[in-house]
Every structure is written in structure tokens, then in C-alpha cells.
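Each remark here refers to the structure printed beneath this line.
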Amino acid sequence: QVQLVQSGGGLVQAGGSMTLSCAASGRSFSTDAMGWFRLAPGKEREFVATISYGTLTFYYGDSVKGRFTITRDKTKNTVYLQMNNLKPEDSAVYYCAVSQTTQAMLRNDINYWGQGTQVTVSS
């Protein structure tokens with residue numbers, strides 16, 4: 001019954017921008033953190049960003065710091081990922097995720113996953 005439905009993604013030129021969204025439904029997420037991971041062919045799953053529910057706590061992966069911004073709309077149970085100055089190495093399938101806390105997200109202790117969406121950055 002719990003679902004994380006993602007939207008956005010597609011093809012973008014290097015240096016461009018793109019925004020992803022993920023809407024959660026099926027239960028209350030008032031105590032949960034939300035975030036993003038990505039997976040590229042031949043590579044391990046990589047942490048991208050996470051945001052807490054009740055506090056202004058943010059964490060970003062080293063490879064996206066200064067370029068990506070995570071935000072959250074609690075009234076819509078929706079998390080967003082604004083991606084700027086995109087690089088070809090950002091190309092991957094992006095997955096949204098729900099965990100109990102941002103620290104749990106960093107530990108890869110994930111409760112729910114979105115279906116994933118492809119982001120392709122051309123050079």
C-alpha cells in the first residue's frame with residue numbers, strides 16, 4: 001500500500017538543470033526522513049542527498065555538493081531534487097527513499113524505495 005511515485009528525469013545537456021520529485025502515500029511519514037540515491041551501470045549504489053522531517057537537517061554526497069539541492073513539502077509528502085550544472089557522470093537511475101532518520105539514510109537503512117527514473121546527461 002505504501003508507494004513512492006517518482007516523476008521527472010530524461011535527457012539533458014551537460015551544464016543544464018533538471019528537477020526530480022517523489023510523492024509518498026499509504027501512511028504517515030511525519031517521523032521519517034526522505035532522500036535520494038542513484039545507480040549507474042557497473043557502479044555501486046551511491047548516496048545523493050537526504051532531508052529530515054522535523055528539523056532542518058541536510059546531507060549531500062560529496063560528488064553533488066554545491067550543485068544539487070534537496071527540499072521537502074510536508075503537506076504533500078513530496079521530496080524534490082534540484083540538479084544544477086549537470087555532468088555526464090551524473091547519468092544514472094535515480095531512486096527516492098524513506099528512512100527513519102537522516103542518519104539511517106546515511107547508513108543505508110532504507111524502509112521504502114521509489115520505482116526509479118533515468119537521468120541522462122549528454123556531453
Side-chain angles (χ1 to χ4, degrees):
Q1 186 173 348
V2 172
Q3 290 187 308
L4 304 180
V5 180
Q6 300 180 216
S7 63
L11 179 64
V12 64
Q13 191 173 4
S17 299
M18 179 177 291
T19 299
L20 307 179
S21 66
C22 176
S25 64
R27 70 167 180 86
S28 174
F29 297 92
S30 61
T31 63
D32 295 326
M34 300 184 74
W36 297 89
F37 291 81
R38 65 188 184 185
L39 182 64
K43 298 182 179 180
E44 296 182 356
R45 184 180 63 193
E46 180 184 17
F47 168 75
V48 176
T50 186
I51 182 171
S52 66
Y53 175 85
T55 64
L56 295 177
T57 303
F58 302 83
Y59 294 100
Y60 293 94
D62 290 340
S63 63
V64 306
K65 288 180 179 177
R67 299 188 298 119
F68 290 12
T69 302
I70 186 169
T71 57
R72 180 172 183 170
D73 185 341
K74 293 184 292 185
T75 64
K76 298 179 179 179
N77 291 324
T78 300
V79 65
Y80 304 89
L81 185 68
Q82 181 179 320
M83 304 181 291
N84 298 321
N85 191 25
L86 283 162
K87 305 175 181 179
E89 51 263 44
D90 294 319
S91 297
V93 177
Y94 283 71
Y95 296 90
C96 66
V98 172
S99 63
Q100 288 186 302
T101 64
T102 56
Q103 292 297 323
M105 191 79 68
L106 294 173
R107 296 192 303 267
N108 294 294
D109 185 7
I110 309 301
N111 292 331
Y112 304 102
W113 291 99
Q115 82 277 14
T117 185
Q118 177 71 51
V119 174
T120 302
V121 184
S122 63
S123 59

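Just so you know, these numbers use all the heavy atoms, side chains as well, and skip hydrogens, waters and symmetry mates. Please read all numbers here as calculations on a predicted model, not as lab measurements.
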Met105 reachable from Val48 in the ILVMFWY side-chain graph, under 4.5 Å edges: no
Nearest 0.5 Å please: distance from the OH atom of Tyr53 over to the OG atom of Ser28. 7.0 Å
For Leu11 against Ser122, the heavy-atom pair lying closest together: CD1-CB, 4.2 Å
Can you check whether Tyr94's main-chain N or O pairs, donor with acceptor, with Thr117's side chain at less than 3.5 Å? no
For residues Arg27 and Asp32, determine if any side-chain heavy atom of one lies less than 4.5 Å from a side-chain heavy atom of the other. yes
Give me the atom names and distance for the closest heavy-atom approach of Ser123 to Ala14. CA-CB, 4.4 Å
How far does SG of Cys22 sit from NZ of Lys76, to the nearest 0.5 angstrom? 14.0 Å
Tell me if a side-chain donor or acceptor on Ser99 pairs with a main-chain N or O of Asn111 at a distance below 3.5 Å. no
Hey, are Thr102 and Ser52 close enough side-chain-wise for a donor-acceptor pair under 3.5 Å? no
Separation of Ile51 CD1 from Thr57 OG1 (nearest 0.5 Å): 8.5 Å
Which distance, rounded to the nearest 0.5 Å, do you find between the CG of Leu86 and the CZ of Phe68? 5.0 Å
Quick check on the hydrophobic clustering: are Tyr112 and Val79 connected, directly or via other members, by side-chain heavy-atom contacts under 4.5 Å? yes
Between Ile110 and Ala97, what is the shortest heavy-atom contact and its length? CG2-CB, 3.7 Å
Of all the heavy-atom pairs spanning Ser17 and Asn84, show the shortest one and how long it is. OG-OD1, 3.0 Å
Return the CZ to CD distance between Arg107 and Gln100, rounded to the nearest 0.5 Å. 8.5 Å
Tell me whether Leu106 is reachable from Phe58 by hopping between hydrophobic residues (I, L, V, M, F, W, Y) whose side-chain heavy atoms are closer than 4.5 Å. no
Would you call Ser63 and Arg38 a side-chain contact if the rule is heavy atoms closer than 4.5 Å? yes
Does one hydrophobic cluster hold both Val2 and Met34, with members joined at side-chain heavy-atom distances below 4.5 Å? yes
Closest non-hydrogen contact found for Leu20 with Gly8 is CD2-C, 3.8 Å
Look up atom CG in Leu39 and atom CZ in Arg45, then write down how far apart they are to the nearest 0.5 Å. 8.5 Å
Which pair of heavy atoms, one from Gln115 and one from Leu4, lies closest together, and at what distance? OE1-O, 3.2 Å
Connected via hydrophobic side-chain network under 4.5 Å: Trp113 and Trp36: no
Under 3.5 Å, is there a donor on one side chain and an acceptor on the other for Tyr95 and Gln6? no
Evaluate side chain to side chain contact (heavy atoms under 4.5 Å, CB included) for Met83 paired with Val119, printing each intermediate quantity in order. CA-CA 10 Å; Met83 304 181 291; Val119 174; 4.1 Å; yes
Would you say Gln13 has more than 12 foreign heavy atoms packed within less than 6.0 Å of its CD? no
How are the rings of Phe47 and Phe37 set to each other: parallel, tilted or perpendicular (split at 30° and 60°)? perpendicular
Given 3.5 Å as the limit, does a donor-acceptor pair link the side chain of Tyr60 with the main chain of Ile70, or not? yes
Between Lys87 and Asp90 (salt bridge meaning N to carboxylate O under 4.0 Å), is one present in this structure? no
Within 6.0 angstrom of Gln3 CD, more than 12 heavy atoms from elsewhere: no
